[in-house]
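First the structure, in the form of structure tokens, and then the observations on it.
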Amino acid sequence: MIKRSSVRIAKERLEALVASDRVHCKPKEYDLICHELYKTLSKYVEITEEHFQVSITRSAIHIQLTGEEH
């Protein structure tokens with residue numbers, strides 16, 4: 001298991017706060033939306049949470065899959 005650094009965790013939390021503010025929802029709600037998107041996509045695509053990033057604005061949802069390409 002790869003251990004995430006505290007800097008990366010703090011950065012992710014800050015990004016979640018900014019994004020939740022942009023879409024006018026609470027940070028916990030934003031996290032739940034992101035987790036639900038991950039759970040749904042992981043049923044059809046082999047992904048890990050470490051390689052799954054979501055960016056939500058008022059007008060769009062961007063999902064980025066990072067990591068190894070097959």
Side-chain angles (χ1 to χ4, degrees):
M1 179 185 283
I2 299 174
K3 185 176 180 181
R4 297 188 317 166
S5 72
S6 59
V7 171
R8 179 171 174 147
I9 293 169
K11 180 182 174 190
E12 289 172 359
R13 287 181 182 162
L14 181 58
E15 288 172 349
L17 284 171
V18 170
S20 66
D21 185 55
R22 286 184 188 147
V23 294
H24 300 292
C25 69
K26 296 176 183 171
K28 181 150 179 98
E29 292 168 340
Y30 176 81
D31 288 340
L32 288 172
I33 292 168
C34 293
H35 184 70
E36 285 296 318
L37 287 169
Y38 167 75
K39 281 180 22 179
T40 301
L41 288 175
S42 67
K43 291 178 185 177
Y44 306 101
V45 179
E46 189 175 322
I47 56 175
T48 63
E49 286 193 73
E50 293 83 30
H51 297 127
F52 182 79
Q53 297 175 356
V54 177
S55 173
I56 302 174
T57 64
R58 289 185 200 174
S59 60
I61 297 174
H62 299 277
I63 298 172
Q64 182 177 359
L65 302 176
T66 61
E68 294 182 22
E69 291 186 25
H70 298 262

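Note that this is a predicted model, so its numbers are computed, not measured. What you see below is based on every heavy atom in this structure, not just the backbone, and it leaves out hydrogens, waters and symmetry mates.
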Could you tell me if the side chain of Leu37 sits less than 4.5 Å from the side chain of Phe52, heavy atoms only?
yes

Let me confirm one number: the OG1-OH distance from Thr48 to Tyr38, rounded to the nearest 0.5 Å.
6.0 Å

Atom NZ in Lys28, atom NE2 in His35: separation rounded to 0.5 Å?
11.0 Å

Hydrophobic cluster membership, Leu41 vs Leu32, 4.5 Å side-chain cutoff:
no

